[in-house]
Amino acid sequence: MSETSRWRDYLALTKPGVVMLLMVTAVAGMFLATNPAGMVPLRIFVPAFIGLALAMMASAAINQIMDQKIDAVMERTENRPLVVGKLTPRAAITFAVLLAVASMVMLYFLVNPLTAGLTLFGFVGYAFIYTLYLKRATPQNIVIGGLAGAIPPLLGWVAVTGEMHPYAWLLVLIIFVWTPPHFWALAIHRRDEYAKADIPMLPVTHGVEYTRKSVLYYTVLLFVCSLLPFLTGMSDLIYLLSALVLGLLFLYYAVRLRFSEDPALPMKTFGYSITYLFILFAALLVDHYLPVTPATIAGWLGV
Ligand code: HEM
Ligand SMILES: CC(C)=CCC/C(C)=C/CC/C(C)=C/COP(=O)(O)OP(=O)(O)O
């Protein structure tokens with residue numbers, strides 16, 4: 001086996017696409033915790049960025065180590081490196097442990113112990129509690145397990161300030177309520193595979209109709225929660241406008257998913273969920289550094 005393909009197999013083990021978006025939300029947390037007159041100090045940014053990314057990658061690798069049998073049954077995951085034997089479980093475990101230890105050492109000694117502790121909570125929550133227990137036990141698996149995936153903005157915030165500010169929890173809340181529409185849209189499309197793998201995902205246990213309704217309810221909840229940064233004074237008009245446009249578009253997808261039989265809609269909604277979260281967090285950042293308030297607009301208009 002060539003070195004390049006081996007490198008690619010280790011990379012695939014870490015779910016790089018997911019980790020990239022998780023890191024966007026963590027980096028947003030770091031910058032939002034910083035006075036807009038300045039930047040995140042590099043001596044914090046570099047170890048926090050590397051430490052958080054390593055923890056997420058390690059937890060994704062452990063998820064694949066634990067889930068080999070399930071992944072082998074589902075078309076979407078049947079080509080993963082451990083399933084096809086491109087990596088041995090022993091090599092994957094060594095890799096995941098190295099990443100996890102490096103992450104903890106970095107965060108504990110170079111960032112702060114609270115960041116290390118909360119990251120450990122996210123790590124254990126996803127790699128073990130969600131993967132080994134919740135995923136196999138209840139259709140609410142991704143709602144409860146979603147807390148681990150929602151925590152990165154708080155980790156970024158705490159890395160910079162050492163404190164858990166309510167604004168950081170607001171960002172956690174947004175991702176927490178975003179996760180069900182994100183995942184259930186995909187699960188509707190992959191319903192038969194989850195049934196084949198005997199995983200109690202919502203469309204398997206409660207049916208597709210019920211899941212479509214649940215996606216719509218959570219999308220309405222997400223719309224409301226996404227306005228909280230503006231309503232609490234955390235963000236200004238650039239964010240508000242972005243949240244409204246992005247949220248209305250998400251609602252449009254969710255309503256169509258609820259009432260239309262178009263078989264392409266679940267995956268379109270899933271794809272949009274990713275674009276939504278990425279732009280929402282980008283808007284939070286732009287808004288932080290370029291605050292446009294009603295007073296600013298009044299100034300522009302000369303009133
Ligand atoms: C319990 C929580 C979550 C579950 C169960 C979940 C589930 C999934 C699944 C099954 C996929 C794979 C889709 C495929 O292979 O076609 C996926 C993709 C993705 N998820 Fe999630 N997700 C969760 C939370 C999150 C969070 C918190 C984020 C980021 C903030 C995220 C970002 C992404 C991204 C960017 C992709 C696309 C990855 C790619 O195409 O490489 N997910 N998610
Ligand atoms: C702070 C910290 C370390 C957080 C970890 C967060 C993390 C990596 C979340 C990922 C969530 C996710 C992709 C769940 C899908 O697992 P699945 O097993 O249902 O999906 P699969 O079938 O694609 O494997």
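Both counts, for ligands and for their atoms, begin at 1 and track the order of listing. Keep in mind that what you see is a predicted model, and the values were worked out from it rather than measured.
At least one heavy atom of R76 sits less than 4.0 Å from an atom of ligand 2. Distances from ligand 2 to the non-hydrogen atoms of F121 include no value under 4.0 Å. Distances from ligand 2 to the non-hydrogen atoms of R80 include at least one value under 4.0 Å. At least one heavy atom of A55 sits under 4.0 Å from some atom of ligand 2. At a 4.0 Å cut-off, at least one heavy atom of S59 sits close enough to ligand 2 to count as contact. Residue contacts with ligand 2 include N63, since one of its heavy atoms falls under 4.0 Å from the ligand.
The protein heavy-atom contact nearest to atom 20 (O) of ligand 2 is K15 NZ, 3.7 Å. With respect to atom 2 (C) of ligand 2, the closest heavy atom belonging to the protein is G122 C, 3.8 Å. Regarding atom 1 (C) of ligand 2, its nearest protein heavy-atom neighbour is L155 CD1, 3.6 Å. Protein heavy atom nearest atom 16 (O) of ligand 2, with residue, atom name and distance: Y126 OH, 3.0 Å.
Closest approach of L32 to L284, counting heavy atoms only: CD2-O, 3.6 Å. Considering every non-hydrogen atom in both L13 and A92, the closest pair reads CD2-CB, 3.7 Å. Shown here for P47 and M106, the closest heavy-atom pair between the two residues is O-SD, 4.2 Å.
The atoms of ligand 2 that sit less than 4.0 Å from any heavy atom of D67 are 18 (O). Shown in contact with K135 at under 4.0 Å from a heavy atom are these atoms of ligand 2, numbered in order with element: 17 (P), 18 (O), 19 (O), 22 (O). Against a heavy-atom cut-off of under 4.0 Å, A148 is close to the following atoms of ligand 2: 4 (C). Interface atoms of ligand 2 facing Y130, defined by a heavy-atom separation under 4.0 Å, are 16 (O), 17 (P), 18 (O), 19 (O).
Donor-acceptor pairing under 3.5 Å is lacking for the side chains of N141 and T138. A side-chain N or O of T293 and one of T296 form a donor-acceptor pair less than 3.5 Å apart. For T131 and N63, the side-chain atoms include at least one donor-acceptor pair closer than 3.5 Å.
Taking the six-membered ring wherever Trp is involved, the centroid distance between the rings of F270 and H189 does not fall below 6.0 Å. In summary, the aromatic rings of Y239 and F230 are positioned with their centroids too far apart to meet the 6.0 Å limit.
Formation of a donor-acceptor pair under 3.5 Å by the H288 side chain with backbone atoms of A28 is not found in this model.
Between W178 and H182, the ring planes are parallel. Angles under 30° get that label, and only those over 60° would be called perpendicular. Classification of the H165-Y167 ring pair by plane angle, with boundaries at 30° and 60°, yields tilted.
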As a quick check of understanding, evaluate salt bridge (charged side-chain N to carboxylate O under 4.0 Å, His left out) for E261 and R212, giving each step before the final call. CA-CA 11 Å; E261 289 302 324; R212 287 165 156 176; 3.3 Å; yes

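For the atom pair Y272 OH and Y253 OH, the distance stands at 7.5 Å (nearest 0.5 Å).
Of all the heavy atoms of L22, the ones lying under 4.0 Å from any atom of ligand 2 belong exclusively to the side chain.
Residues with a heavy atom under 4.0 Å from ligand 1: G17, V18, L21, L22, R76, Y130, I142, G146, G149, I175, W178, T179, H182, F183, L186, F270, I274, L277.
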